[in-house]
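This report refers to the structure that appears directly beneath it.
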Amino acid sequence: MAEIPDSMNWMNFWNDFQKQSMDNWQSTMRKSTPSPSFAMDNPMQYWQESVNKWWRAFDRSPTPTPEQAFWKNTQSSGEWFFKLGEEVFRMLQGVQDGARMGKDWTDALHQTLNAAKETIQKSMTTDINAFYGLFGMPMDTIQRVMASSSFFPGDVFKSFPSMRPQTPGVFDPAMKANLEQFLSTPAIGYTREWQEQNQQGMMQVMEYQESLQEYMTLISKGLGQAIDLFHRRLLERGAGDKPIHSLKELYSLMVDCGEDAFSEMAYSQEYSRANARMINSMMRIKNQSRLVMEEGLTALNMPSRTELDTAHHNILELKRRVRSLEAEVRALKKRDMEPEVAALKEDVEQLPIMEFRSELEKLKKQMQDSLLATDKGESDGEGESGEGVDGDDKLDPNSKTTVRRTRTPRAKPQSEGA
Amino acid sequence: MFPLTFQPEKAFQEVVDFQQKLVNGMKTLSELGPIEVGISAKEPVYREDKMVLYHFLPLVEKPSRVPILVVYALVNRPYMADLQDGRSMIQGLLKEGMDVYLIDWGYPDGADRFLGLQDYIDGYIHRCVDIICEKHGLYRINVLGICQGGTFSLCYTALHPDRVRNLITMVTPVDFHTPGNMLSHWAQGVDVDLLVDTLGNIPGEMLNFTFLSLKPFQLTGKKYIDLVEIMDDKKKLKNFMRMEKWIFDSPDQAGEAFRQFIKDFYQKNALIKGEVFIGSSRVDLGKINMPVLNVYATEDHLVPPPASLILKEKVSSKDYSELAFKGGHIGIYVSGTAQKEIPPHIANWLKQRG
């Protein structure tokens, strides 16, 4: 075995290796960030672009991953935030420039805020993903489910951007009318049930798009009202000699205006209807997806949600019955029967049982005797009619009184001529 | 005059300071450790399905003879009432010598999909009352209902007035159609049957989203901007994180219970009309004849005061009191002022009534 040189210091080597790795890493990161000239030309996008480049350095997956979807939506939300920030600073710059040129600051403010309003409202209707951000993810899942079970190959929504659930406001009315006609056509053939389900699904998606469009239009209007309110309050602060001393105060004012405008809109009947319509149409799509999925699961001999629900419902019914029975048993156990039992016992003990027994014996003997006497009387020719017997008093087995059966002597038949 | 008095340099400095606080705050955040909630020691005394009945260990040698059963809402988790030391209504009641029980509804899952209001009110609550009565050798106990738990308590008391000695309701909605009730306004057009038939249990995330939508700019934006100001203070940051945990720790709602609650209470406002049926029994608030204390928050945006105050007209109790707290729906439990006012008031009120 070769000898290890005494001059070799393993720990120093390890430290040097780490330092070199870090230097290489930092060098790579520097290369991945935007150039200084980009920062100068596009100050508002510098940080955002830096983060995007950093992410892309790691995002080497050849196939879409859930992390990518999450990041894209987070990034979209961040882009929207930066746009807002950009508008605010543009507003301040516009006002300052206007003031330098001798313009009334209120005009400059008015123009800037109007421009901001248009930009924001436009972005909400044409570039909905930037605003939708994370909230688009649930619809994305549903979209994939529908696409995977669709009659058309691949993701049909990709082929028709105007049909994507996340892109309202760009529905072509003529296309929609044609599509509605096509989707209303009754299905035929072996796969008619499946076709019908898909048709229903598509109709529901169109309904959802319309409802989302209506909702986003309202939100957009509300945002416009918020900006108008912000404008008014800025003017009031200026006129009322209550200036704003910091960015934070300005931000608080923006938030208050947003809340007030939103609150006014949210209490309207229009909003309530639009919100409910959107929720209901979304649920119809989800329900339809579930039905489609269950068809597939059933075909694969897999348990479905409906089956599980039935099982759970039956189990719960059984539990309810068991608990009801348990409660009855507890109640019965709790009832205080002792006094009643003791009283009954006392009553029974006080009953003259022995006397009853001897009376019973006597009666039995009497009956036997009378039967014997009757038999003997019949054989001697004595009366047979029942008249001699007083009362067809039947011995009442339930009666506590002594029933004496009496027998009156039979009247002798009167002879003729006597 | 132009309303903005600060110059770009000052604005820039403000942004830099903000970022610095944020960076420092990230360090504090990483050192925060686990977020623990629920300060008062307790033991489970009864379990049924996901529900657990807890008994808080008394803090005095001889707690009150008649215990209190705290009935929390199905929405959110009950540790809000026992969040941390110094911000715990439960702790306050225990210090006042009360003997306190609490129902923890747990986290419903698919197997609980078909639990209805009858199961909760005439089932779980009723059996918990039985258990406590048996344990203490009593026939009736005190009940304290919080928010939706207060509504449940009202229904339970109306169905079993003989089992409730004194009733306390806190921020409890009774009239669901008062002006200013945004949730109710939004619920009117929703097809709840379709919602429940589609989703089964209603996801907690959906409720979170709805609650955030009540004040979207505050609750999704400003709150976190303000957070940066306290991020260097470990204690304040931890308090914030506890609240944050509670806000988003939302259990799913059992489908059938949700269906009935939204349809009957929010949409039809049937409670004050006497048209709510729990099982086959009609809920008549007029049967509530025992002493009632109604606690409400004057700035409650979830349960506006008029939604609670109507209770006075509906119960037949000859001993009805109200306590107004100047604060919001959450502040009534977690603010320092609330701890000083509310538990002592409740305890004294109960002590005066045996």
Side-chain angles (χ1 to χ4, degrees), chain A residues 89 92-93 95-96 99 105-106 109 135 226 233-239 241-252 254-259 262-263 266-269 271-277 279-280 283-284 286-287 290 305 308-309 311-313 315-317 319-320 323 327 330, chain B residues 1-8 10-15 18 48-49 109-116 118-119 123 126-127 130 134 179-182 185-192 194-200 205-206 209 213-219 221-223 225-226 229 255-256 301:
Chain A
F89 281 93
L92 293 172
Q93 187 65 49
V95 168
Q96 187 174 290
W105 65 268
T106 55
L109 182 67
F135 300 114
R233 293 223 176 133
L234 277 177
L235 294 175
E236 281 165 17
R237 294 287 282 260
D241 201 18
K242 281 185 192 170
I244 295 165
H245 301 292
S246 64
L247 263 184
K248 181 131 190 264
E249 217 178 312
L250 181 68
Y251 173 73
S252 294
M254 285 169 67
V255 166
D256 290 342
C257 293
E259 290 292 359
F262 175 77
S263 174
Y267 275 119
S268 66
Q269 288 300 325
Y271 180 86
S272 176
R273 266 197 307 272
N275 185 51
R277 186 186 170 198
I279 292 170
N280 293 341
M283 286 304 114
R284 279 187 207 104
K286 199 165 164 61
N287 196 40
R290 182 180 64 83
R305 168 53 54 195
L308 282 169
D309 279 351
H312 287 144
H313 189 257
I315 291 168
L316 186 61
E317 282 298 319
K319 275 188 186 175
R320 284 173 182 152
R323 287 195 194 116
R330 263 199 305 275
Chain B
M1 66 177 274
F2 185 62
L4 306 183
T5 61
F6 57 91
Q7 296 301 316
K10 191 186 174 221
F12 178 74
Q13 189 58 46
E14 221 181 311
V15 171
F18 180 87
E48 189 180 334
D49 302 329
D109 59 29
D112 304 304
R113 150 91 174 83
F114 293 97
L115 285 176
Q118 186 183 10
D119 296 300
H126 190 48
R127 285 188 283 279
D130 278 344
E134 201 177 311
N181 191 335
M182 206 185 281
H185 181 67
W186 290 350
Q188 296 312 309
V190 175
D191 186 343
V192 183
L194 175 64
L195 190 71
V196 173
D197 290 344
T198 303
L199 297 177
E205 291 80 13
M206 185 169 158
F209 183 79
S213 302
L214 294 172
K215 287 194 175 186
F217 297 96
Q218 292 256 10
L219 298 175
K222 189 166 185 296
K223 188 174 91 167
I225 300 292
D226 292 343
E229 299 297 326
E256 291 312 306
H301 70 289

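Naming: A, B, ... by sequence-line order, numbering from 1 per chain. The figures here come from the full heavy-atom set of this structure, side chains too, leaving out hydrogens, waters and symmetry mates. Source: prediction; values computed, not measured.
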Measuring heavy-atom distances to chain A, does [X] have an atom under 4.5 Å in its side chain, in its backbone, in both, or in neither?
X        : result
B/Gln218 : both
B/Asp119 : side chain
B/Pro179 : neither
B/Glu48  : side chain
B/Glu229 : side chain
B/Asp130 : neither
B/Leu214 : backbone

Original post:
Between B/Phe114 and A/Asp309, what is the shortest heavy-atom contact and its length?
Top reply: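 In this case the closest contact between B/Phe114 and A/Asp309 is CE1-O, 3.1 Å.
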Chain B heavy atoms under 4.5 Å from [X]: which part of the residue, side chain, backbone, both or neither?
X        : value
A/Leu316 : side chain
A/Gln269 : both
A/Arg273 : neither
A/Arg320 : side chain

Mark yes or no for whether [X], through its side chain, and [Y], through its backbone, hold a donor-acceptor pair below 3.5 Å.
X        : Y        : value
A/Asn280 : A/Arg277 : no
B/Asp191 : B/Leu194 : yes
A/Glu317 : A/His313 : no

Subject >> pair B/Ile225-B/Phe18: side-chain heavy atoms closer than 4.5 Å >> reply: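 B/Ile225 reaches B/Phe18 side chain to side chain.
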**OP:** Find out whether A/Leu250 and A/Leu234 are in side-chain contact, i.e. whether some heavy atom of one side chain is under 4.5 Å from a heavy atom of the other.
**Re:**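 Yes, side chains in contact.
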Winner by heavy-atom pair count (cut-off under 4.5 Å) against chain B, out of [options]:
options                                : result
A/Ala276, A/Ser246, A/Gly258           : A/Ser246
A/Ser272, A/Ala226, A/Ala311, A/Ser252 : A/Ser272
A/His312, A/Lys319, A/Met283, A/Glu259 : A/Glu259

Subject >> Atom CD of B/Glu134 with >12 non-hydrogen neighbours under 6.0 angstrom >> reply: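 No, the 6.0 Å shell around CD holds no more than 12 heavy atoms from other groups.
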Original post:
Does a donor on one side chain and an acceptor on the other come within less than 3.5 Å for A/Asn287 and A/Arg290?
Top reply: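 A donor-acceptor contact under 3.5 Å links the two side chains.
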Original post:
Using 30° and 60° as the class limits, which term best fits the ring planes of B/His185 and A/Tyr267: parallel, tilted or perpendicular?
Top reply: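 The rings of B/His185 and A/Tyr267 sit tilted, inter-plane angle from 30° to 60°.
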